[in-house]
Structures are given as C-alpha cells and as structure tokens.
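If you're wondering where the values come from, they're calculated on a predicted model, not measured in any experiment. Here is how names work: the chains are called A, B, and so on, in the same order as the sequence lines, proteins then strands, and each is numbered from 1.
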Number of protein chains: 2
Amino acid sequence: MLHVAEAARVSVATVSALINGTATVSPELSQRIEQAIRDIGYKRNAIARSLKMGTTRTIGLTVPHITNPFFTDVVSVIQQAFDRAGYAVMLCCTDEDLNTQDDQIRLLLDRMVDGLIVARVGDGAILKGIVDDAKVPVVLLDRICEGVDTDTVVLDNERAVFDAITYLIDLGHRRIGYITGTSDISPMHDRMTGYRGALEAAGLPVAEELVRSGNFHEIDGYNATMQLLSLHDRPSAIFSANNPMVIGTMKAIRDIGLSCPEDISVACFDDFPWSDVFQPQLTTVAQPVQAIGEQAANLLLDRLAGNRDAPPRKLVLKGRLMIRNSCRPLGAVVQSVSA
Amino acid sequence: MLHVAEAARVSVATVSALINGTATVSPELSQRIEQAIRDIGYKRNAIARSLKMGTTRTIGLTVPHITNPFFTDVVSVIQQAFDRAGYAVMLCCTDEDLNTQDDQIRLLLDRMVDGLIVARVGDGAILKGIVDDAKVPVVLLDRICEGVDTDTVVLDNERAVFDAITYLIDLGHRRIGYITGTSDISPMHDRMTGYRGALEAAGLPVAEELVRSGNFHEIDGYNATMQLLSLHDRPSAIFSANNPMVIGTMKAIRDIGLSCPEDISVACFDDFPWSDVFQPQLTTVAQPVQAIGEQAANLLLDRLAGNRDAPPRKLVLKGRLMIRNSCRPLGAVVQSVSA
DNA sequence: TGACATGATCGAAACGTTTAGATTAGCGTT
DNA sequence: AACGCTAATCTAAACGTTTCGATCATGTCA
C-alpha cells in the first residue's frame with residue numbers, strides 16, 4: 001500500500017479510504033490511485049488488516065471424520081454457506097479424540113478465527129472455557145455438551161431411533177441387535193435411549209447381550225456384528241447407530257455366509273447417496289444434512305453480524321426414516337404401542 | 001504480551017525470547033514470566049506473528065466437490081498430514097467452476113497462505129500467474145495444467161481406463177458406452193484417450209453415439225445413461241469416468257427396468273467404501289487415495305521446509321482395477337490385443 | 001468581508017508480535 | 001585498575017493495515 005501511495009503521490013490514508021470507501025476521495029486522486037494499484041498489482045494484505053481490525057473473516061470447523069458421509073455433507077454445506085458470505089473455513093478433524101479436539105480449537109483460536117462450529121464434541125475443557133469467556137461465538141453441531149450454553153443444532157436422536165426400532169418391531173422382529181459408538185457423547189446416548197424406549201413401549205425385554213459398542217469405525221461394526229451373529233439365539237435384525245460401522249455389519253453378514261434381508265434385517269443411522277441404487281437398499285434414518293448445515297451456518301453468521309447478546313438458541317431437527325428393502329417382515333405383524 | 005511483560009516486570013523482548021527460546025533468559029526471570037503467563041492466561045496472537053514473520057503456517061486446499069468420495073478421501077489424508085506438521089488447512093470447493101476457483105485462490109493468497117494444493121484446476125489464469133511469480137509453492141493434484149510448471153501428482157488416467165475397457169472387451173463386450181465429464185480438464189481427456197485406445201487396440205470401431213458427456217453430477221450421469229439405453233442398438237456395457245455420475249447411471253438402469261449385470265454391465269472410475277458390500281458390487285478403477293494425498297502433502301511440506309529451488313517434480317501413480325461382479329461375460333470370450 | 005461549514009487530504013498512532021542492535025553487569029586477565 | 005568478554009536484558013523499529021484528529025482550501029451566508 002505504501003508503494004501504491006507513493007506511485008500515486010498520495011498518503012496511505014487516502015489509498016485506504018478509496019479501497020474501503022470509508023471517505024470520499026476526489027475523482028482525480030481516485031484515478032491516480034486505481035492506476036497505481038493496477039500498475040503495481042497491489043493486493044491488500046488480509047493479515048495486516050486482521051491484526052488491525054481484530055477480525056479475520058475466517059471460521060473454524062471441527063468434525064470427527066470427514067469421511068463419515070454425514071459429516072462430509074454437513075461440511076460441504078457449511079463451507080458453501082460461508083464461502084457465499086465471504087468467509088474462509090479452516091477445517092480440522094478430531095478423530096473422535098478429545099485431546100486432539102482441544103488442541104485444534106486452541107490452534108484455531110490462536111489464529112483468531114471469528115467463530116467456531118464444533119461437531120461431535122465431548123466434554124472438552126477448552127471448549128467450555130471458550131464459550132464461557134465469550135471470546136468468539138461457538139455453534140455446537142450434532143451434540144449437546146454438558147454445561148456449555150451456546151447455540152446448538154442437533155437431531156432428535158432419541159425419537160429417530162425410537163421410530164426406526166418401532167418399525168422393526170412392527171415388522172415382527174423381537175430380538176434386535178444394536179450397535180452403538182462409545183456412549184459418552186450425546187447422540188450415541190440419546191439413540192440408545194430411543195432403542196430401549198421402543199423396546200419397552202412394545203413390552204419387549206432389553207437383552208443386554210444384543211447391545212454392542214465400538215469406536216465408530218468400520219472394523220468395530222464388523223467385530224460387533226460377528227459377535228451378535230454368533231450368539232446362540234441370534235438377532236433377526238440389527239440396527240447400527242453409526243454409518244461407517246454399518247459397512248462392517250454388511251461385511252460381517254457376507255463373510256459369515258448370510259444374506260440381508262433374507263437371513264437378517266439391517267437398518268442404520270445416516271443416509272448416503274448410494275443407498276437406493278444397490279441391493280439391499282438399506283433402510284436408514286436420514287438426517288436433514290442440508291438443513292443442519294445451513295442452520296448452523298446461519299446461527300453463526302447471525303452472531304458474526306453482531307447479534308452477540310441474544311440468548312443461546314437450540315434447534316432440534318427431525319430425522320426421517322427412509323424405508324427401503326433391507327428389513328423383511330417376520331411372521332405375523334404385531335402392532336406395537338407407539339407414542 | 002505487553003501485559004505479561006508488565007506483570008513480570010520485564011520487557012516484551014524478554015518475554016518473546018523466552019517463549020521462542022531465541023535467547024537465554026535467567027531462571028529467575030523465566031519463572032516470573034511463566035507465572036505471569038499463567039496468571040493472565042496469555043496466548044500468543046498468531047496473526048500478529050504472521051504479519052511480522054511473513055508466514056501463517058496455513059495452507060490452502062481447493063477441490064471441486066468434497067462430496068465426491070475421491071476428493072473426500074484425499075482431503076482427509078491431506079488434512080491429517082498438515083495437522084501433524086502443525087499447519088492449518090483452509091478448504092475451498094470450486095464446484096468445477098474456473099472463476100470460483102480463481103476467486104478462492106485469490107482469497108487464500110490474500111490471507112497469506114504459505115502454500116497451495118489445487119485439485120482439478122482448469123486453465124486458471126490466476127493460478128498461472130501465481131506459479132510464475134513464485135510467490136508461494138503450489139502443488140497440482142489430479143490434473144495437469146497447461147503451461148504451469150510446478151509440483152504435480154496425477155494418476156495415469158489413460159492407462160487406468162485402457163485397462164478397464166480392455167477388461168470389458170475381454171469379457172466379450174463390443175459396444176461399450178462411455179460417460180465422461182467435460183473434456184476440458186486433463187483427467188477426462190486422458191481417460192477418453194484410454195477408452196479410444198483400448199477399442200482401437202482391440203480393432204473395434206469407436207462409435208461416437210456411445211460417448212456422452214455431462215457435468216460431473218449424478219443427474220448428468222442419469223441423463224447420459226438414459227440416452228445410451230434408448231439407442232436402438234444399445235451398449236452391453238457402460239463405463240462412467242466419474243464417480244457421482246455412476247450413481248445416475250445405476251438409477252437410470254433401475255428406472256428403465258433393466259438390471260445390472262444381467263442386462264447391462266457397469267464399471268466406473270473411483271472406488272468407494274461401499275463398493276463391495278452391496279449388489280451389484282461395482283467394478284471400479286481405484287485410485288491410491290492415501291498415496292496421492294500423502295505425496296501431495298509431502299511435496300508441499302518439502303517446499304515449505306525451504307527446498308524452493310528444486311525443479312518441479314511430477315509424480316504419476318497407477319490406478320488399480322477392482323474387479324467385482326457388475327460386469328458379466330458376454331458369449332465367447334475373445335482375447336484382445338493388449339499392450 | 002469575515003465567520004463558518006464542508007469536503008478532501010494527510011500525519012501519526014495503533015494492532016501484537018519479532019529482532020537487530022544498544023546497554024548493562026559481572027567476571028577474569030593482565 | 002583498566003580492559004575486554006560474555007551473558008542477560010532492554011529499546012525501538014518494523015510488518016501492512018485502519019482510523020482519529022488535524023490541516024487546509026473552497027464555497028456560502030449574513
């Protein structure tokens with residue numbers, strides 16, 4: 001900018017005024033300055049600007065795994081929304097690890113991000129501190145965090161799983177295997193509650209040997225399914241509370257020589273693009289990814305636009321059961337007692 | 001930092017020296033400073049540091065669509081690699097649009113990213129300028145860019161498709177539909193060359209009505225497939241040069257009442273996690289995503305580590321044909337003349 | 001014609017770091 | 001006792017912006 005000012009024989013203040021339109025500058029000088037900018041190929045240094053202004057027009061986004069199709073979609077939507085608003089997005093993957101998440105949030109804050117969208121957080125100490133100190137606005141996604149009071153958008157996980165399990169019960173299934181992630185994060189907890197709730201509502205016992213938990217990855221789903229299928233009284237249906245793990249489930253079913261839905265019915269959480277073109281077409285609980293991403297982005301953009309003092313807003317969205325052909329009716333259909 | 005210095009009754013220079021270890025500071029002062037840092041909860045401002053140092057420890061990454069599973073995986077790998085190295089990653093999606101890409105690269109450069117990984121670029125004017133002016137190191141991914149001479153990692157697209165088409169020919173297919181993206185970017189061009197090459201090598205004619213191009217999206221694949229299937233002499237196999245488009249292909253086949261592989265064989269570019277658990281299990285050309293991401297990251301990290309003057313390095317990786325059951329043998333198997 | 005508002009421009013401080021060079025104190029040599 | 005050397009610390013400039021307040025010319029009104 002100094003060079004531009006010199007070339008145009010004006011002060012840097014005038015150049016700044018012209019660029020930002022913060023003051024009127026005469027047509028004559030305007031032209032000289034614009035010419036100089038072109039000649040020199042001047043580009044404003046956003047870092048210096050950020051330092052002075054205290055804002056970076058950058059937000060931080062952390063998710064557990066970008067390869068989980070739910071997060072892939074959400075990241076995509078959020079990225080687009082902020083792109084439109086002129087913000088850059090710094091992306092971090094926490095690998096479901098709390099320490100990693102804290103480190104990354106620290107990294108993002110050091111870099112002075114203007115806001116944060118955090119998906120699937122555990123009870124991160126750092127996060128709690130940030131939100132309490134009200135340094136930058138934070139939006140929580142997909143997960144409620146104990147004692148952290150800030151904008152949040154989550155799914156009604158309990159209801160979604162309740163509906164899915166009830167659907168299986170209505171089909172006549174009585175022994176329904178359930179595969180969950182580690183239950184210390186709220187969606188997993190709530191989904192589990194939905195599972196138990198549906199069984200209880202139908203007057204069915206909750207058999208603990210039918211509930212298996214893993215660490216969100218395909219291999220965990222594989223192992224869990226292997227265990228379920230080798231029970232002497234094996235389940236007639238399996239619900240996987242996590243998308244990557246259901247791949248493991250399908251592989252285990254295949255490897256053990258069974259087939260879906262003939263021998264065993266399968267349903268899972270999170271829809272994916274291929275779900276209705278291949279066989280079996282998986283019955284899934286679809287999250288409204290577009291809405292989730294947009295709402296999260298809007299909440300944060302609203303705060304960034306200056307609406308700092310409004311009380312925390314909690315959005316709870318509904319999942320949708322996508323019924324396809326991976327679950328088969330079992331004997332006589334019994335009506336369950338649904339809420 | 002000023003507050004810390006005051007609290008510890010030292011100069012800011014001493015604080016800086018301690019934090020960065022750039023000079024020895026006495027145990028006495030060290031302790032006072034560390035105490036002050038804890039008391040105040042001081043965190044170094046990375047923006048001010050960047051301004052002074054001229055480096056942000058941030059890189060820019062642009063891809064066409066993060067929802068394309070190939071890019072999802074590559075982004076994931078790259079993100080991890082830079083995370084390990086202490087770099088932040090700014091992610092942009094170009095939606096296959098050249099102007100968008102130029103805008104985003106400009107945005108990233110304004111923010112003083114230390115380096116750039118650009119995937120699937122067209123002949124972006126901005127990009128050419130950047131690389132030529134040698135401001136920041138750039139690594140090109142998945143795509144060669146005319147006249148831009150910089151580190152690159154690409155797949156041997158021609159060979160990969162050549163092999164896939166040859167496989168179909170070996171199965172007895174003679175009329176093989178081919179669905180491509182817009183052919184102005186090199187992978188699409190090279191894949192097409194592979195297609196034609198395989199047909200020619202087998203002494204088969206290239207029927208232009210069997211080649212359809214779309215704009216990378218599912219709907220384009222759907223439309224293209226509909227056209228191919230309504231030809232009076234329809235193809236016995238379809239190869240889709242892009243992953244999202246093959247979903248459209250499968251849907252079109254289903255909607256028209258045919259089935260794969262019984263009525264029509266299908267293969268495509270880019271593998272995905274579900275490919276071997278559902279029916280039909282798609283035969284695909286798998287790219288070594290892990291290696292591609294890691295190599296790209298390493299090339300850039302190497303430049304960032306100071307190796308600026310080494311001549312541009314071009315890495316060409318091999319695809320792998322994953323043969324599954326979506327392509328069926330057709331009549332007598334004929335040996336093609338393969339290179 | 002003097003007072004005054006208006007509009008255009010500029011000088012300089014500030015944002016929070018890093019770092020070169022200056023200063024000071026302590027200590028061993030001669 | 002004067003000297004130089006080393007180690008520890010500090011002062012101040014710089015990075016590239018934005019912005020407050022000052023300056024100055026010009027036109028308007030009484």
**Request:** Indicate whether the side chain of B:Asp95 and that of B:Thr100 have a donor and an acceptor atom separated by less than 3.5 Å.
**Result:** no

**Request:** To the nearest Å, give me how far apart CD (A:Glu6) and C1' (C:dT9) are.
**Result:** 17 Å

**Message:** Output the rounded distance in Å from CD1 (A:Ile47) to C1' (D:dT18).
**Reply:** 16 Å

**Request:** For the residue pair A:Arg111 and B:Thr58, confirm or rule out a side-chain donor-acceptor distance under 3.5 Å.
**Result:** yes

**Request:** Take the protein atom CD1 of B:Ile40 and the nucleotide atom P of C:dG16, then report the distance between them rounded to whole Å.
**Result:** 13 Å

**Request:** Answer with base, sugar-phosphate or nothing: what part of the nucleic acid does A:Leu29 contact at a heavy-atom distance below 4.0 Å?
**Result:** sugar-phosphate

**Prompt:** Does one side chain, of B:Ser16 or B:Asn20, offer a donor that lies under 3.5 Å from an acceptor on the other?
**Reply:** yes

**Message:** Within the 3.5 Å criterion, strictly below it, is a donor on A:Glu294 or A:Asn298 matched to an acceptor on the partner's side chain?
**Reply:** no

**Complete:** Going 5' to 3' through nucleotides 17-28 of chain C and flagging B where a protein heavy-atom sits under 4.0 Å of the base, S where only the sugar-phosphate is that close, and - otherwise, we get BBB---------

**Prompt:** CZ of B:Arg9 versus P of D:dT9: gap in Å, rounded?
**Reply:** 13 Å

**Prompt:** Do B:Asp149 and B:Lys128 meet the salt-bridge criterion of a basic N to acidic O distance under 4.0 Å?
**Reply:** no

**Asked** Nearest-Å distance, CG (A:Leu18) to P (C:dA8)?
**Response** 13 Å

**Message:** If I take atom CD in residue A:Gln31 and atom C1' in nucleotide C:dT9, what distance separates them, rounded to the nearest angstrom?
**Reply:** 18 Å

**Request:** Could you tell me whether the side chains of B:Asp39 and B:Gln35 share a donor-acceptor contact shorter than 3.5 Å?
**Result:** yes

**Message:** Can you measure B:Arg32 atom CZ to D:dA8 atom C1' for me and round it to whole angstrom units?
**Reply:** 13 Å

**Message:** Whole angstroms only, please: what is the CD1-C1' distance between B:Ile33 and D:dA8?
**Reply:** 11 Å

**Item:** A:Thr24 side chain near C:dA8 phosphate (N/O to OP1/OP2, under 4.0 Å)
**Value:** yes

